[in-house]
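Taking it in order: structure first as structure tokens, then the write-up.
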Amino acid sequence: MKKSKKRIVILGSTGSIGQNTLEIVRLFPDKFEVVGLSAGKNTGLLAEQIEEFQPVLVAVETEADAQKLRKRFSKSPVKVLSGETGLREVASLSRADLVVSAITGIAGLRPTLAALEKGKDVALANKESMVVAGDFLRKIAARTGARIIPVDSEHSGVFQCLNGQKKKFLRRVYLTASGGPFLKVPIKDLPNKSCGEALQHPRWKMGKKVSIDSATLMNKGLELIEARWLFDLKPDQLDVLIHPQSIVHALVEFKDGSVLAQLSQTDMKIPILYALTYPDRLESPLPSLDLTAVKNLEFYPVEKERYPLFALARRALETGLSFPVVLNAANEVAVEAFLEEKISFGQIYSVVDYCLQSHRAVSINSLEDIFVIDQETRNKARQYLRLKGKQK
Ligand code: MG
């Protein structure tokens, strides 16, 4: 009997992860079918994707864009929705087998929740939702039987290393970091690095937000918090190694001193493919790893002075409570301001530090708590930017 295709929804289909996921669908047209897509403002690319992949349901941010798309696709059966409710409908589309959650930032939280509530397996690329609401997401998944499958390359690595292992034998998990574009830059020059320089990631092709987060190493801090919830680990079981070649994505050490590592070419399509096929694997045309060409695999500890934002993230991981929510919200506002060239590279740290310093950690008892603290922090960060932002 012919096996039917896996029906997937992609939230954030015009972003970097979204586009890579569609690349996988192009590579394996008999394995996957796209049933739903969502995008923010890039409706030009979204329209091309609708044309090519023929989803049944689509969501965009504004009703004005939705109307334009409805007009353009008036002869096609695709239904176009808008706003928060539209996004939620796509996320919980009943005919979907798997939802790829690839919206950047806390904006990805509500749709991810909607998918899990509906019992949908989620391929999670939206790390921020795990950072601010990891405990909730885990509990909802446990209740509905949905699986959360990591897409982030490091977490995919950990996930693969832990496959078939007993958690009680686990000692420590290491995530690797390339170190970003400023690994070798003199530390005194860092505060004034430009947006263009910060976006030049040496190894990975990624979206803008995660590229800046990689330059500050905040990305790795967020990933530690993400890993804490994804794999139910204690903060002291988590560590980071700088590994400039980005070939080893994660290492897992067991109590007997044995270490398993996951390696692959630096291509996001590899962890995405695994998340789409888990627990199976497909024969893939993606290039295999030639270690004789790589030659050296280096590992270094994180330099604290080079990456002060990483230390803030580490503190948020250890303190827990509402700290990760504040960390994430302040960072999102600061990175956005940096991308708009309203603040310097060094001021990203100042904004996040200010918001954490002036916050008293409280316990999170509901999702509403998360959204309230998120909003408060954003307001505080914007106020700080108005006072201290660089004079144009
Ligand atoms: Mg990553």
Side-chain angles (χ1 to χ4, degrees), residues 12 15-21 24 100-106 108 112 122-132 134 148-162 173-183 198-231 233 238-252 261-276 278 286 289 299 302 307 309-310 313-314 316-317 324 327-328 331-332 335:
S16 171
I17 297 285
Q19 291 189 54
N20 273 306
T21 306
I24 300 280
V100 180
S101 171
I103 293 173
T104 304
I106 200 172
T112 304
V122 169
L124 186 76
N126 172 243
K127 65 190 74 179
E128 292 88 348
S129 65
M130 213 59 188
V131 168
V132 301
I148 304 174
I149 307 158
V151 168
D152 217 342
S153 56
E154 299 78 6
H155 303 77
S156 176
V158 176
F159 189 63
Q160 295 181 56
C161 290
L162 290 179
V173 164
Y174 294 94
L175 308 181
T176 63
S178 71
F182 304 146
L183 178 62
L199 286 172
Q200 295 299 315
H201 198 275
R203 296 284 168 196
W204 295 99
K205 272 194 229 119
M206 306 180 289
K208 283 184 181 173
K209 198 248 174 196
V210 61
S211 295
I212 301 304
D213 285 345
S214 295
T216 63
L217 214 65
M218 174 58 94
N219 182 49
K220 216 47 59 176
L222 296 174
E223 288 184 357
L224 284 181
I225 304 173
E226 180 187 8
R228 185 235 182 287
W229 295 115
L230 271 175
F231 307 112
L233 300 168
L238 284 157
D239 220 334
V240 169
L241 289 167
I242 300 288
H243 168 49
Q245 291 80 16
S246 296
I247 294 295
V248 177
H249 306 297
L251 304 100
V252 170
Q262 188 266 338
L263 293 76
S264 74
Q265 290 273 18
T266 313
D267 185 335
M268 277 311 294
K269 286 194 279 299
I270 295 174
I272 294 171
L273 176 61
Y274 186 67
L276 294 188
Y278 171 80
L286 298 172
L289 176 61
F299 299 91
V302 174
Y307 303 110
L309 275 154
F310 178 74
R314 181 93 229 184
L317 167 75
L327 178 88
N328 179 67
N331 184 61
E332 277 190 33
V335 170

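Along the sequence shown, residues carry numbers from 1. As the structure lists them, so they are numbered: ligands from 1, and atoms in each ligand from 1.
- Sorting the N, O or S atoms of E154 by how far they are from the Mg ion (ligand 1) puts OE1 first.
- The two residues A275 and P150 come nearest to each other via the heavy atoms CB-O, 3.9 Å.
- When you scan the N, O or S atoms of D152 for the one nearest the Mg ion (ligand 1), you land on OD1.
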Run the side chain to side chain donor-acceptor pair (under 3.5 Å) test on S101 and T112 for me, step by step, so that the C-alpha distance in whole Å, both residues' side-chain angles and the decisive distance to 0.1 Å come before the verdict. CA-CA 6 Å; S101 171; T112 304; 2.8 Å; yes
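- Under the 30°/60° scheme for interplanar angles, the aromatic rings of F159 and Y278 are found to be tilted.
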Would you please test Y174 and F299 for ring-ring contact (aromatic ring centres under 6.0 Å, His included) and show each step? CA-CA 11 Å; Y174 294 94; F299 299 91; 9.3 Å; no
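- Take the N/O/S atoms of E223: the one nearest the Mg ion (ligand 1) is OE2.
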